[in-house]
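Every chain is numbered from 1, with letters handed out A, B, ... down the list of sequences. All of these numbers come straight from a predicted model, not from anything done at the bench.
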2 protein chains.
Amino acid sequence: MKKQAVIVGYGGMGAWHHKALQEIGKIDVIGIYDIREEVFEKAAKQNLTIFQNFQAVLESSAEIIIIATPNDSHKDYCISALEAGKHVVCEKPVTLSVKDLEEIIAVSQNSAGIFTVHQNRRWDTDFRIVQKILSENIIDTPYFIESRVNGSSVFLHGWRDFKVNGGGMLYDWGVHLIDQLLLLTPAKVTSVTAHVKSVFSEEVDDNVKLLLGFSDGLSVLVEIATNCFIPFPRWHLSGKAGTAIIDNWEGEGKIIQLLEGSNPTWSNEIVYTAAGPTRTMAPRAKKTVQEVPLPMVEKYDKGFQHNFYSAEHFYSNLVDAINGKEEQFVKEDQILRVLKVIEAAFESAEIQDRILCTI
Amino acid sequence: MKKQAVIVGYGGMGAWHHKALQEIGKIDVIGIYDIREEVFEKAAKQNLTIFQNFQAVLESSAEIIIIATPNDSHKDYCISALEAGKHVVCEKPVTLSVKDLEEIIAVSQNSAGIFTVHQNRRWDTDFRIVQKILSENIIDTPYFIESRVNGSSVFLHGWRDFKVNGGGMLYDWGVHLIDQLLLLTPAKVTSVTAHVKSVFSEEVDDNVKLLLGFSDGLSVLVEIATNCFIPFPRWHLSGKAGTAIIDNWEGEGKIIQLLEGSNPTWSNEIVYTAAGPTRTMAPRAKKTVQEVPLPMVEKYDKGFQHNFYSAEHFYSNLVDAINGKEEQFVKEDQILRVLKVIEAAFESAEIQDRILCTI
């Protein structure tokens, strides 16, 4: 028999989970709980039961509770659901503090239910290509990675613009980008420097740069921009054995490496470029490098724009994990690490104001 | 009568100063001093006097001493020349420590001669375009600036690869890029975070990222890479009123701004992109933005590849400053600020190793 789920919060992502589960077919969504009456009609049209309060959800036959409310309300729902023995899928970033998340995890570890977070961007094409470049050691160990999402929405939508709801880009995209990075290396994050701006938002961060140092020497730049009209590529990787670029979410890009035997020979003469005299930064002859295609990754099996590719993997794993056949894919310690980095980033942005140098 | 100069260190940049001054015609180079006999023949062919020791240079008729030796030897030459009443043009970064530079400046302030540094990249086309974008407020006050020099020489040349000589990219390109940035804003540098790598060099930094915070809220990323086969644009500027990009040293690039009245309207529906569901990062309709050309700057008046454009301005100013007609362009307090930032960067790279967090 198919497992049953209730969706708490039937907004943008709540409806997305519903559609995804309809398409995948492994879990039946039986109903929703929402405090906004205006979504009831939409839910009723979908033949969903509208639960009148959260207690009724806990008493329902659903084994799985999917929480897709604004970030500030996640904690209580998660804890109550876990205490009631339910499995919990929570939207990211779960909570707005490490302390709150640790409370949830403590409850989870004493309950029968699985607690996991919808880290759907682990299945993004661009990210899986990066994973493959590194796991196949194509450019050797990377020392610089840049991971960027440069949008130009300018303004943030709805509750994402409000501090009380856990809005802002670090909690929104930051949680994805950091989660991805932590999967790329077994090393620890040893330094977090954050430049956090509120360019148009009055309350929350809308344009952010993070510089992360890792214990293996890796240096990572993360940028999330909402007011950038000339975007940078999604990924840029520098390894000792070459440079890789992934331009966009479609996974277009290339790798450039030195041709074997093409180590530079230095002339004693300075090279004149449009920049004036330089030796180190003079352009390299094209014949000394080679372009290598990006490694292939499994593509959407239902056509390019298959919207529920990640959900298919995420929910298949969830069902298998509930049935004891697989480990859950998004693990509690991983969820905690991501939030610790975000908390360090907010701290860093604060401290920067206090540590003053006058140069 | 034309002023006379002696060049100390007749290597790559020493010969460059010579050629530049021949072309400009305002200063006569009468001789050189170098410890390497192998350059004597080249100098003799140019009808240059070869001074046997530095004392002889100080006793010569030259008013101006141009110092183009490796970085570690600058200090003593500068001080002796200033004490002898000469004007000094020193190659950057002058010294390897703030303390040494302060000693030179103290001597300079008690001597008749001008002390200046050959900060020739203040005349680069790309940089002058950036200055103009900001001074004309085209994209409003910038909050993010990225300034990058991404080369692929892989290895460093000659003494630039040795620590004892003051090699490494922070002292080489860093000193230019930081000098430029400090001219873009009257604000103070309030934070310096450096990720400094020695990817191929055994002794010095060859691939560097700096994140600088300024007291007016500006955040600047500086990158100097010598092993980057897919370069980023030279400049990327984010202002509240748009984004500007300068692709290269030739000053190619563009500005993209929101068309007036094109503020986004938010649909409640999530947009499906190749990246899956997103609202904030959905692509913007092309008709809501406009491309604006980069502002024009004075171009090389002797054709595009006029190698001595910067020297013409630099040395004209020097002669005028010596004659009391103009302020010197590259000032002592500016030279000191740049070195303070570099010293902070090296400190930051050190400290990073010591401050450990385990996330």
Side-chain angles (χ1 to χ4, degrees), chain A residues 12 16 120 124 143-144 149 151-157 172 188-191 193 195 197 199 207 209 211 213 219 225-230 238 240 242-243 245 249-250 256-257 264 266 270 272-277 279-281 284 289 305 307 310 337 340-341 344 352 355-359, chain B residues 12 16 120 124 143-144 149 151-157 172 188-191 193 195 197 199 207 209 211 213 219 225-230 238 240 242-243 245 249-250 256 264 266 268 270 272-277 279-281 284 289 305 307 310 337 340-341 344 352 355-359:
Chain A
W16 184 90
N120 55 313
D124 283 6
Y143 52 88
F144 283 153
V149 179
S152 56
S153 67
V154 181
F155 298 103
L156 304 184
H157 180 67
D172 189 25
K188 301 284 183 190
V189 177
T190 52
S191 68
T193 307
H195 285 198
K197 309 285 169 213
V199 176
N207 288 271
K209 272 199 170 92
L211 198 56
S219 162
T226 59
N227 186 46
C228 179
F229 297 91
I230 308 173
S238 297
K240 208 165 173 175
T243 309
I245 199 171
W249 285 321
E250 287 83 353
I256 305 279
Q257 298 181 299
W266 282 107
I270 283 168
Y272 291 97
T273 69
R279 208 186 250 129
T280 320
M281 297 300 169
R284 167 176 286 285
V289 296
Q305 199 76 342
N307 298 330
S310 68
R337 279 186 79 198
K340 280 183 177 174
V341 173
Q352 202 166 54
I355 294 182
L356 297 171
C357 60
T358 303
I359 291 173
Chain B
W16 184 89
N120 54 313
D124 282 6
Y143 52 89
F144 283 152
V149 179
S152 56
S153 67
V154 181
F155 299 103
L156 303 183
H157 180 68
D172 190 27
K188 300 284 185 192
V189 177
T190 52
S191 68
T193 307
H195 285 200
K197 309 286 168 211
V199 176
N207 288 272
K209 273 196 168 92
L211 198 57
S219 162
T226 58
N227 186 46
C228 179
F229 297 91
I230 308 174
S238 297
K240 209 166 172 172
T243 309
I245 199 172
W249 285 321
E250 287 84 352
I256 305 280
W266 282 108
N268 272 319
I270 283 168
Y272 291 97
T273 68
R279 208 185 249 126
T280 320
M281 297 300 167
R284 168 175 287 284
V289 295
Q305 200 74 344
N307 297 329
S310 68
R337 279 186 79 199
K340 281 183 176 175
V341 174
Q352 202 168 54
I355 294 182
L356 298 170
C357 59
T358 302
I359 290 174

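- For B:Asp172, the part lying under 4.5 angstrom from a heavy atom of chain A is the side chain only.
- Looking at B:Lys197, the atoms closer than 4.5 Å to chain A (heavy atoms on both sides) all sit in the side chain, from C-beta outward.
- Side-chain contact between A:Phe229 and B:Ile245: absent, with no pair of heavy atoms (C-beta onward) separated by less than 4.5 Å.
- Interatomic distance, A:Ile230 CD1 to B:Ile256 CD1, rounded to the nearest 0.5 Å: 5.0 Å.
- Annotation: side chain of A:Thr243 is not in contact with side chain of A:Gln257 (no heavy-atom distance under 4.5 Å).
- Each of B:Gly151, B:Ala225, B:Ser219 has some count of heavy-atom pairs under 4.5 Å with chain A, and the biggest count is that of B:Ser219.
- You'll find the side chain of A:His195 stays beyond 4.5 Å of the side chain of B:Tyr143, heavy atoms only.
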